[in-house]
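Reminder, nothing fancy here: chain letters follow the sequence lines and each chain counts from 1.
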2 protein chains.
Amino acid sequence: MQDNINKLFKAIADPTRRDIFHALVLATSALSITQISTQFDMSRQGVTKHIKILNDAGLVQMNEQGRNRFCYADPKPLKEVNKWMQFYSQFWDDSLDKLGNYLDTKQT
Amino acid sequence: MQDNINKLFKAIADPTRRDIFHALVLATSALSITQISTQFDMSRQGVTKHIKILNDAGLVQMNEQGRNRFCYADPKPLKEVNKWMQFYSQFWDDSLDKLGNYLDTKQT
DNA sequence: TTTATATGCAACTTTTTAGTTGCATAATTG
DNA sequence: CAATTATGCAACTAAAAAGTTGCATATAAA
């Protein structure tokens with residue numbers, strides 16, 4: 001689905017989710033939901049919801065072991081965001097002067 | 001403010017706003033709000049609200065001329081998003097095997 | 001000057017999002 | 001087995017977001 005890119009953008013739009021994702025990227029081992037929760041000033045269920053959204057976007061993967069669900073980050077989907085940005089990067093690479101000229105041509 | 005990055009992520013989280021931004025990047029001249037509105041199946045005020053959010057994020061700039069407000073895209077703030085992603089790119093560059101090994105070390 | 005156009009502002013509705021609490025259940029540990 | 005732990009599910013609240021309509025106003029065109 002082309003809807004995936006939407007889930008991805010939504011997932012990283014929230015600062016708490018970016019923090020959770022970052023914590024998982026930095027973690028030296030996969031972390032259970034409870035372990036993650038202790039790092040955030042929020043209820044476990046609140047964290048669980050964020051993780052579900054990250055998981056739906058493909059940014060967090062799970063590994064069920066008994067009563068634990070170990071989570072780890074998977075940054076690969078971010079490639080899509082990167083791809084989206086690449087088109088626009090040609091414009092921010094312009095010098096300010098060049099951008100100025102470009103805009104001058106736009107204003108009638 | 002470090003809050004700017006938040007506005008930026010929020011701004012690009014909405015598909016309509018990404019469309020508006022894209023249309024402005026592609027436009028050969030700055031476009032008035034009414035001109036932009038005609039391209040979207042939405043009221044002018046709806047579009048205005050999106051443009052305000054894009055403007056707050058720095059992605060759209062204005063140029064008032066009489067009763068018109070000509071809008072044009074400014075992709076430069078996206079550099080910040082790019083910077084945010086750069087850290088994670090080291091992981092998606094890993095081959096699947098390498099990622100696999102990395103994850104193995106994570107799982108008890 | 002009259003009319004038409006481009007816009008802003010305010011109030012409102014609907015939907016989504018972020019977060020909570022409470023309870024049930026399955027897996028572990030003592 | 002009894003107690004503890006990790007979790008999911010459901011219901012709920014509060015706030016933010018997306019979008020609407022109506023009206024006022026300033027500019028431009030006839």
Side-chain angles (χ1 to χ4, degrees), chain A residues 1 3-24 27 29-57 59-72 106-108, chain B residues 1 3-24 27 29-57 59-72 106-108:
Chain A
M1 320 191 177
D3 188 44
N4 277 356
I5 190 81
N6 248 314
K7 286 186 182 175
L8 199 49
F9 275 107
K10 291 271 183 188
I12 62 176
D14 184 90
T16 302
R17 280 193 293 271
R18 289 199 303 278
D19 284 350
I20 291 174
F21 176 69
H22 194 70
L24 287 176
S29 68
L31 301 177
S32 74
I33 295 195
T34 301
Q35 286 176 318
I36 297 168
S37 303
T38 61
Q39 302 184 37
F40 293 87
D41 189 20
M42 186 185 301
S43 70
R44 173 182 59 80
Q45 289 86 341
V47 171
T48 298
K49 283 196 176 181
H50 282 307
I51 288 175
K52 177 161 178 34
I53 291 168
L54 287 164
N55 180 243
D56 287 347
L59 291 168
V60 164
Q61 301 294 330
M62 314 280 204
N63 195 294
E64 311 199 17
Q65 276 175 54
R67 64 181 165 178
N68 296 299
R69 295 180 75 197
F70 292 107
C71 306
Y72 55 94
K106 283 195 168 186
Q107 282 148 38
T108 311
Chain B
M1 320 190 178
D3 189 44
N4 277 355
I5 191 80
N6 249 312
K7 287 186 180 174
L8 199 49
F9 275 107
K10 291 270 182 186
I12 62 176
D14 184 272
T16 302
R17 281 194 291 270
R18 290 199 302 277
D19 285 349
I20 291 174
F21 177 69
H22 194 70
L24 287 177
S29 68
L31 301 177
S32 73
I33 294 194
T34 302
Q35 287 176 317
I36 297 167
S37 302
T38 62
Q39 304 184 34
F40 292 87
D41 189 22
M42 187 185 300
S43 71
R44 173 183 57 82
Q45 289 85 340
V47 171
T48 297
K49 282 198 178 181
H50 281 307
I51 289 175
K52 178 161 177 36
I53 291 168
L54 287 165
N55 180 243
D56 286 347
L59 292 167
V60 164
Q61 301 294 330
M62 314 281 203
N63 195 293
E64 309 199 18
Q65 276 175 54
R67 63 183 166 180
N68 296 299
R69 295 180 75 196
F70 293 108
C71 305
Y72 54 94
K106 283 194 167 188
Q107 281 147 39
T108 317

Participant: I want to check something: taking the side chain as every heavy atom from C-beta on, are A/Ile20 and A/Val60 in contact at a cut-off of under 4.5 Å?
Facilitator: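 Of all side-chain heavy-atom pairs linking A/Val60 with A/Ile20, none is under 4.5 Å.
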Participant: Tell me the interatomic distance from B/Asn63, atom CG, to C/dA6, atom P, rounded to whole angstroms.
Facilitator: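 It works out to 17 Å between those atoms.
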Participant: Applying side chain to side chain contact (heavy atoms under 4.5 Å, CB included), name anything that partners B/Thr34, two or more places apart in sequence or on another chain.
Facilitator: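 B/Ser32, B/Arg44.
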Participant: For D/dT7, does either OP1 or OP2 sit under 4.0 Å from a side-chain N or O belonging to A/Thr34?
Facilitator: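 Yes, A/Thr34 has a side-chain N/O under 4.0 Å of OP1/OP2 on D/dT7.
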Participant: Given atom CD of B/Glu64 and atom P of D/dA28, what is their separation to the nearest angstrom?
Facilitator: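 Spelled out: CD on B/Glu64 to P on D/dA28 is 12 Å.
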Participant: At under 4.0 Å between heavy atoms, how does the protein contact nucleotides 18-23 of chain D? Give one character per nucleotide, 5' to 3', with B, S or -.
Facilitator: SBBBB-
Participant: Could you give the CG-to-P distance, from B/Leu54 to D/dA17, as a whole number of Å?
Facilitator: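 B/Leu54 atom CG is separated from D/dA17 atom P by 14 Å.
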Participant: Ignoring hydrogens and geometry beyond distance, is the side chain of A/Arg67 in donor-acceptor contact with the base of D/dT7 at under 3.5 Å?
Facilitator: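 Result: no qualifying N/O pair found.
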Participant: Output all residues satisfying salt bridge (Lys or Arg N to Asp or Glu O under 4.0 Å) with A/Lys52, sequence neighbours left out; order by chain, then residue number.
Facilitator: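 Expected list: A/Asp56.
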Participant: Between atom CD in A/Gln35 and atom P in D/dT5, what is the gap in whole Å?
Facilitator: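 Rounding to the nearest Å, CD of A/Gln35 and P of D/dT5 are 14 Å apart.
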Participant: What's the CD1-C1' distance between A/Ile20 and C/dG19, to the nearest Å?
Facilitator: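 Going from CD1 in A/Ile20 over to C1' in C/dG19 covers 12 Å.
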Participant: Quick test of your reading: applying side-chain hydrogen bond (donor to acceptor under 3.5 Å, both in side chains), list the pairs with at least one residue in residues 13-22 of chain A, sequence neighbours left out, ordered by first then second residue.
Facilitator: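 Checked against side-chain hydrogen bond (donor to acceptor under 3.5 Å, both in side chains) - neighbours excluded - the pairs reaching residues 13-22 of chain A are A/Arg17-A/His50, A/Arg18-B/Asn6, A/His22-B/Tyr88.
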Participant: Provide, to the nearest angstrom, the distance between the CD1 atom belonging to B/Ile33 and the P atom belonging to C/dC9.
Facilitator: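 Rounded to whole Å, this separation is 10 Å.
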Participant: Could you state the CD-P distance from A/Gln65 to D/dT7, rounded to the nearest angstrom?
Facilitator: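 It works out to 11 Å between those atoms.
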Participant: Any non-hydrogen side-chain atom of B/Lys49 less than 4.5 Å from a side-chain atom of B/Ile53?
Facilitator: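 They are not in contact (no side-chain heavy atoms under 4.5 Å apart), so the answer is no.
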Participant: What is the distance from CG of B/Leu31 to P of C/dA6, rounded to the nearest Å?
Facilitator: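 These atoms are roughly 13 Å apart.
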Participant: Just jot down the side chain to side chain contact (heavy atoms under 4.5 Å, CB included) partners of A/Arg67, sequence neighbours excluded, or say none.
Facilitator: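 Listed in chain order: nothing, the list is empty.
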